[in-house]
Amino acid sequence: MADEEVNGDTDDIQHDKDKTQKKTAKHDSGVADLEKVTDYAEEKEISSQDISGALSLIGDRRNKEAAERLEKEKELQKVSVKKDDIELIVREMEISRTLAERTLREHRGDVVAALTTLTN
């Protein structure tokens, strides 16, 4: 009977070893796959010319966007708005004077359209 208990324990130990080996094998295959990916990424080199080109594109895009914003601001400054309309929007919507004036200018002085935009 004592031999049966020992044999039963041996089977459990062997079963645990099999589980551990399966987990290790599964883990090792994932590590190998990860190594393949990182090796590929490490082999790629980035040239300084590519970086310079990308930075100049970003700089050009920023300059273009800044010029467009400046042009839009100039156009908005040309729009005349009534002081009473600005005060109405500030009082009714409880917003800053600057925001009220800008919204009114964006809608070419149309108070109803500016109020509609601010409420939506």
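The analysis underlying the following values was restricted to heavy atoms, covering all of them including side chains, and did not include hydrogens, waters or symmetry mates.
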Of all heavy-atom pairs linking G109 and V81, the shortest is CA-CG1, 4.1 Å
Walk me through whether I86 and K82 qualify under side chain to side chain contact (heavy atoms under 4.5 Å, CB included).
CA-CA 7 Å; I86 296 171; K82 296 178 184 174; over 6 Å; no
Output for pair (E92 CD, L115 CG), nearest 0.5 Å, gives 7.5 Å
Value for CG (D60) from CG (L55), rounded to nearest 0.5 Å, stands at 11.0 Å
Checklist entry - If we only count heavy atoms from C-beta on, is the I89 to T103 side-chain gap below 4.5 Å? => result no
### L76 reachable from L99 in the ILVMFWY side-chain graph, under 4.5 Å edges
no
M93 versus T119: any side-chain heavy-atom pair under 4.5 Å? yes
The reported gap from CD in Q77 to CZ in R105 (rounded to nearest 0.5 angstrom) is 5.0 Å
To the nearest 0.5 Å, atom CD1 of I95 lies from atom CG of L118 at 4.5 Å
In terms of heavy-atom contacts, H107 and A113 come closest through CD2-CB, 3.7 Å
In short, salt bridge (Lys or Arg N to Asp or Glu O under 4.0 Å) pairs touching residues 61-72 with sequence neighbours left out are none
- Message: Salt bridge or not between K83 and E101? Use side-chain N to carboxylate O under 4.0 Å.
- Response: no
R91 side chain near L88 side chain, heavy-atom distance below 4.5 Å: yes
Rounding to 0.5 Å, atoms OG (S96) and CZ (R102) come to a distance of 11.5 Å
